Protein chains: 2
Amino acid sequence: MSTTPYHHGNLREALVGAGVDVVRSGGPEALSIRELARRVGVSHAAAYRHFADREALVDAVAERAMEALVARVRERLATVEDQDPVTRARRRLQRIGVGYVDFALAEPGLFRLLFTAYPEPPEGTDPDGEDPYSLLNVALDELVAVGYLDPADRIGADVTCWAAVHGFSVLSVEGPLRGMAEADREAALTALLLGIDRGLGRRGEWEELTR
Amino acid sequence: MSTTPYHHGNLREALVGAGVDVVRSGGPEALSIRELARRVGVSHAAAYRHFADREALVDAVAERAMEALVARVRERLATVEDQDPVTRARRRLQRIGVGYVDFALAEPGLFRLLFTAYPEPPEGTDPDGEDPYSLLNVALDELVAVGYLDPADRIGADVTCWAAVHGFSVLSVEGPLRGMAEADREAALTALLLGIDRGLGRRGEWEELTR
DNA sequence: AGACGATGTTGACAGCGGTAACTTCTCGGT
DNA sequence: ACCGAGAAGTTACCGCTGTCAACATCGTCT
């Protein structure tokens, strides 16, 4: 009876969990059905009872990665303590960016996986409404509400912010900015977020946001 | 004698050329040594006389892709005809961004390949000095020279611009912005480039850059 | 002429995604 | 309490890939 039972119990979860481990250490390209089956101690064909194909498995792991990303951003968001509404809103936007990049650098494998799952839109508006894009939009609406961001400039601001932060992450994780010294990267990110903040704010009534 | 000669002549070039074709139509994942060999009409192992492994082949194709990207950006750059030095410099920066994104959307396969070649830095400072990053730096220096960009803000400006434009491209080509309506994307890109321009310019002495 | 190095071929191996046919277990209805 | 249906796992196979080793062919230099 000490022999492993014929049925695993909850193979699906086990596979996804192993998938997260593999991607964390080896990146998306290390994610193979056979490798995961091996890790879980099951034949490779068993996985097909729970996933239509490799892509479905990748998607499932990507979902986990997305949850981790959102968690990281929320975490950073929670550290904002400013009282002044304007400063607070601006800082919140900044924190979203910091959290996003943080995650990308801390978990390059998971981050790359998120945008490697080519066929299906990795983010978009999740039905459960838990994606970084939503958080970003909330933050931008807040900036409009407190009067920092001109409503006319609100259009396209989401894409601009997302593109800048995502681009920075991609270039840092798998692009030419990889291998940049930590301090330099920190400075570059600060400059980038400052640039966004500056580009969004109304002219005149502007004051540098402290680090 | 009409039989194909035993030696191909210049197999390396032929393989890379076929590689470009394959990637253009099928993306980086369609790039396989055997497929290229088949297209060129040569045995699958012949490629190993010219490339150490698949990665080397991918790199060679990526180099071509990079040349095409630079060509596209230069092309766009050449269309700037403004006389006023400041406007001219600002517009040149804008054109670089437009060209970059244009290429990404026109050649998604080649663009993705550029940043799929994980192990080796795809861009970086090429010895022959022909990469988009150099063009960007020249444009930014120009902005400083004409007095539009504060020298203090020059630091990190390169990364900020690159990140924003690259991020926009990535999100449009393989990310959540894929499938966005053409007009919407156009508007979003305009807003993004405007945001960059605005974020860089000195306060006060500022005036909207016409489309 | 003849040897040699570069180039191309054939054949093999392992690992991958995916499918089919078969086995084992679980569970719900009588 | 049974027992049959279907869920879950297994083995065996296919074709594809990258990669290597052994062999064949060609131009070229002496």
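Letters A, B, ... mirror the listed sequences (proteins, then strands); counts begin at 1. Just so it is clear, the model here is predicted, and its values are computed rather than measured.
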Exercise. In residues 10-28 of chain B, which residues come under 4.0 Å of DNA chain C by heavy atom?
Worked result: B:L11
For this session: Please work out which of the three classes, parallel, tilted or perpendicular, describes the rings of B:F111 and B:Y100, given edges at 30° and 60°.
Result: perpendicular
Exercise. Just wondering, are more than 12 heavy atoms of other shown residues or ligands nearer than 6.0 Å to CZ in A:R154?
Worked result: yes
Exercise. What residues in residues 43-54 of chain A put a non-hydrogen atom under 4.0 Å from any atom of DNA chain C?
Worked result: A:H44, A:A45, A:Y48, A:R49, A:D53, A:R54
Problem set entry | For B:R72, salt bridge (Lys or Arg N to Asp or Glu O under 4.0 Å) partners two or more places apart | B:D102
For this session: Take atom CZ of B:R34 and atom C1' of D:dC20, then tell me their distance rounded to the nearest Å.
Result: 11 Å
Exercise. Going by heavy atoms in the side chains, are B:C161 and B:L140 under 4.5 Å from each other?
Worked result: yes
For this session: Might you work through the ring pair (Phe, Tyr, Trp, His ring centres under 6.0 Å) test for B:F168 and A:H166, ending with a clear yes or no?
Result: CA-CA 8 Å; B:F168 187 85; A:H166 182 70; over 10 Å; no
Problem set entry | Rounded interatomic separation in angstrom, taking CD from B:E55 and P from D:dT17 | 18 Å
For this session: Show your working on salt bridge (charged side-chain N to carboxylate O under 4.0 Å, His left out) between A:E29 and A:R112 and close with a plain yes or no.
Result: CA-CA 10 Å; A:E29 50 276 347; A:R112 281 172 50 221; 2.8 Å; yes
Problem set entry | d(CD, A:E29; C1', C:dC16) in whole Å | 15 Å
Exercise. Do A:R24 and A:L110 come close enough that some side-chain heavy atom pair is under 4.5 Å?
Worked result: yes
Problem set entry | Nearest-Å distance for atom pair CZ/P, residues A:R38 and D:dT10 | 14 Å
Problem set entry | Derivation and outcome, side chain to side chain contact (heavy atoms under 4.5 Å, CB included), residues B:I196 and B:T160 | CA-CA 8 Å; B:I196 290 178; B:T160 297; 5.7 Å; no
